[in-house]
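Quick notes on the structure that follows.
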2 protein chains.
Amino acid sequence: MSLPKYQQLAATMRKRIKEHAYAPKSLLPDQNTLAKEFGVSRLTIKKALDGLAQEGLIYKQSGVGTVVLGIALENGEDSPAERFDGLTKLVGSAHVRSKILKFDITFPSPKVQKQLVIGPDDPVYDIRRLRLIDGEPWIIEHTYFRVKMVPNLTHKILEHSIYAYINNDLHLKFGGAYRRIGATLTTQEDIDNLGGKAGEPVLQVEQVVWLTTGQNIEYSISRNLARNRSYTVLDINQN
Amino acid sequence: MSLPKYQQLAATMRKRIKEHAYAPKSLLPDQNTLAKEFGVSRLTIKKALDGLAQEGLIYKQSGVGTVVLGIALENGEDSPAERFDGLTKLVGSAHVRSKILKFDITFPSPKVQKQLVIGPDDPVYDIRRLRLIDGEPWIIEHTYFRVKMVPNLTHKILEHSIYAYINNDLHLKFGGAYRRIGATLTTQEDIDNLGGKAGEPVLQVEQVVWLTTGQNIEYSISRNLARNRSYTVLDINQN
DNA sequence: GAGTGGTCTAGACCACTAC
DNA sequence: TAGTGGTCTAGACCACTCC
């Protein structure tokens with residue numbers, strides 16, 4: 001337990017809320033009372049509550065108090081952090097397999113140059129993988145990595161988790177991603193690999209991922225049959 | 001100017017970053033230096049920087065410093081706050097018109113009961129609107145509001161902005177939303193109203209909106225032709 | 001070892017809500 | 001008027017990175 005106090009407090013409070021030790025729609029004890037109970041300063045309590053507010057578990061209103069919401073609970077743990085762990089960690093590596101459809105090095109097309117903010121002479125890996133969950137075809141991923149930033153990719157790595165390689169072996173950290181979600185129809189490749197029919201709707205997620213250094217590392221397009229997966233977002237209104 | 005100091009500081013720093021007074025990829029002055037420059041405590045500086053980090057403008061690394069990223073800039077201001085202002089405010093009320101396709105009161109179906117967490121006897125408005133931007137059909141919205149929470153809806157309100165009515169007249173505040181984005185094909189209604197063809201892909205956004213009190217207020221399904229609009233997400237990796 | 005950001009405290013004042 | 005959460009300070013110690 002070397003977590004900072006405010007995170008430990010947040011965990012405790014989260015547990016109490018989920019176990020309804022604090023009833024939904026009721027007011028939490030005020031921050032001074034909580035500070036005394038836990039033997040910490042009020043600011044530390046506030047910081048813990050700030051985190052819970054961002055998760056949508058509580059709502060704080062000056063002059064009134066802190067209300068227990070308990071809504072985000074029902075919509076299935078949608079921790080934003082998991083978004084950067086890749087499919088393998090999300091579903092569990094035991095269930096995911098990858099079939100490599102293409103593994104090339106090329107110079108980037110103008111579109112890829114623009115997305116990765118690189119010049120035409122900066123080579124990229126051009127990868128196409130079919131991701132299977134429990135043997136069922138699920139997603140086609142078309143990914144471009146800068147060779148300079150993700151060197152020495154191998155078939156072996158591609159068959160497992162690229163993200164694990166980037167995090168654990170290259171020690172690179174994801175800073176964020178920009179995603180565009182759209183609807184399209186099946187292409188011949190979708191039909192061949194995903195088992196779709198002609199004219200079936202397909203959900204497409206286009207994304208640019210960058211590191212904490214601000215450098216773009218990946219541009220990818222993921223496609224799956226609409227009946228297999230949708231994209232969910234939990235949006236908490238700050239202000 | 002009655003904004004808190006840390007927000008004013010954040011605004012100043014944001015401006016400096018966007019004007020490249022702090023060059024991208026360079027290190028910001030350290031927090032103690034900034035605290036002296038602005039004549040505030042270090043914690044206030046940190047709070048300002050925390051905000052900028054959440055926007056994806058900078059990245060702070062303990063033991064190193066604070067790097068200027070300047071990436072989110074290019075992807076077009078995607079302020080999450082705007083998500084709760086509705087289409088009218090997003091595009092500008094001068095450009096938006098609404099054609100009311102349906103305006104009823106009914107008892108909720110089992111599905112709507114589940115989404116709004118209400119009983120079968122709690123009446124809801126059943127609204128279908130075609131939203132037009134600059135005269136062009138854009139989105140079909142199928143919306144359910146609890147009558148108890150959004151009383152006295154009129155045709156006049158529906159033709160303008162429901163969200164403005166909820167915020168300004170009812171003084172209710174949105175707490176958050178849960179959205180599911182999926183891909184489907186055109187229905188007959190889409191073809192009739194959006195001008196789509198049969199078998200064309202449609203982007204569908206299903207959402208449940210709740211208030212700061214935790215009560216669900218709205219369940220809605222929005223549909224638009226995939227060629228007209230996609231859904232974008234900016235995702236910053238916390239940790 | 002020097003410098004960075006992260007955490008934490010004790011105490012203070014403020015704006016807001018409610019009665 | 002009393003109580004709430006929001007802000008802010010000055011000062012302290014820590015873990016971490018880099019030289």
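Labels below follow one simple rule: chain letters A, B, ... track the order of the sequence lines, proteins then strands, and each chain is numbered from 1. The figures here come from the full heavy-atom set of this structure, side chains too, leaving out hydrogens, waters and symmetry mates. Model, not experiment: these values are computed from the prediction.
- At whole-Å resolution of the value, CD1 in B:I45 and P in C:dT4 are 14 Å apart.
- Per the geometry, CG belonging to B:L3 stands 14 Å off P belonging to C:dA15, to the nearest Å.
- A:Y231 and B:Y231 have their aromatic ring centers separated by at least 6.0 angstrom.
- For the segment residues 21-33 of chain B, residues with any heavy atom less than 4.0 angstrom from an atom of DNA chain C are, sorted by number, B:D30, B:Q31.
- Nearest-nucleotide positions on DNA chain C place B:G65 closer to the 5' end than the other of B:G65 and A:K5.
- B:K47 comes within 4.0 angstrom of the backbone, heavy atoms only, and of no base.
- Between the side chains of A:Y6 and A:K46, not a single donor N or O lies within less than 3.5 Å of an accepting N or O.
- Aromatic ring centroids of B:F103 and B:Y125 lie under 6.0 Å apart.
- The backbone N or O of A:Q8 sits less than 3.5 Å from a side-chain atom of A:T12, completing a donor-acceptor pair.
- Here chain A contacts DNA chain D (any atom closer than 4.0 Å to a heavy atom, that is under 4.0 Å), and the contacts span D:dG3 to D:dC8 from 5' to 3'.
- Looking only at distances, a side-chain donor or acceptor of B:R129 sits under 3.5 Å from a matching main-chain atom of B:L158.
- B:Q113 and B:Y219 share no donor-acceptor pair across their side chains, judged by distance under 3.5 Å alone.
- With a 4.5 Å cut-off on side-chain heavy atoms, B:Y22 and B:L27 do not count as touching.
- Base engagement by B:L43 is indicated by at least one non-hydrogen atom pair under 4.0 Å involving a base atom.
- Screening B:R179, B:H142, B:R180 for a side-chain contact (heavy atoms from CB on, under 4.5 Å) with B:E206, the sole residue that qualifies is B:R180.
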